[in-house]
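Numbering of residues begins at 1 and proceeds along the displayed sequence.
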Amino acid sequence: MPLIHIDLIEGRSKDQLRGLVKDVTAAVVKNTGAPAEHVHVVLNEMQKNRYSVAGVLKSDEK
């Protein structure tokens with residue numbers, strides 16, 4: 001059972017997230033041979049004030 005965790009910053013539409021999990025699932029099926037019904041994808045959406053790059057919160061970026 002492949003289990004894929006994806007961390008990303010909040011703000012994407014439901015359609016974008018649907019496309020992401022569909023494409024990730026297809027890639028795992030193609031490259032591992034696992035059946036799609038056994039591929040689990042967990043999306044962890046973070047608030048912009050809970051993630052930083054180079055010491056700067058994403059919520060502070062302009």
Is the closest side-chain heavy-atom distance between [X] and [Y] below 4.5 Å?
| X | Y | value |
| --- | --- | --- |
| Glu45 | Ile9 | no |
| Val41 | Ile6 | yes |
| Lys48 | Leu57 | no |
| Glu61 | Val56 | yes |

Original post:
Which atoms form the tightest heavy-atom contact between Thr25 and Val21, and what is the distance?
Top reply: OG1-O, 2.7 Å
Subject >> Within one Ile-Leu-Val-Met-Phe-Trp-Tyr cluster: Leu8 and Tyr51, side-chain cutoff 4.5 Å >> reply: no
Subject >> Approximate separation, where rounding is to 0.5 Å, of Leu20 CG and Asp15 CG >> reply: 12.5 Å
Pairs of donor and acceptor atoms involving the side chains of residues 29-40, under 3.5 Å and at least two apart or interchain, shall be tabulated with distances.
| from | atom 1 | to | atom 2 | distance (Å) |
| --- | --- | --- | --- | --- |
| Asn31 | ND2 | Ala27 | O | 2.8 |
| Thr32 | OG1 | Val28 | O | 2.6 |
| Thr32 | OG1 | Ala34 | N | 3.1 |

**OP:** Kindly give the cluster partners of Leu3, where membership spreads through any ILVMFWY side chain lying under 4.5 Å from a current member.
**Re:** Val42
Original post:
Quick one: side chain to side chain donor-acceptor pair (under 3.5 Å) partners of Asn49, sequence neighbours excluded?
Top reply: none
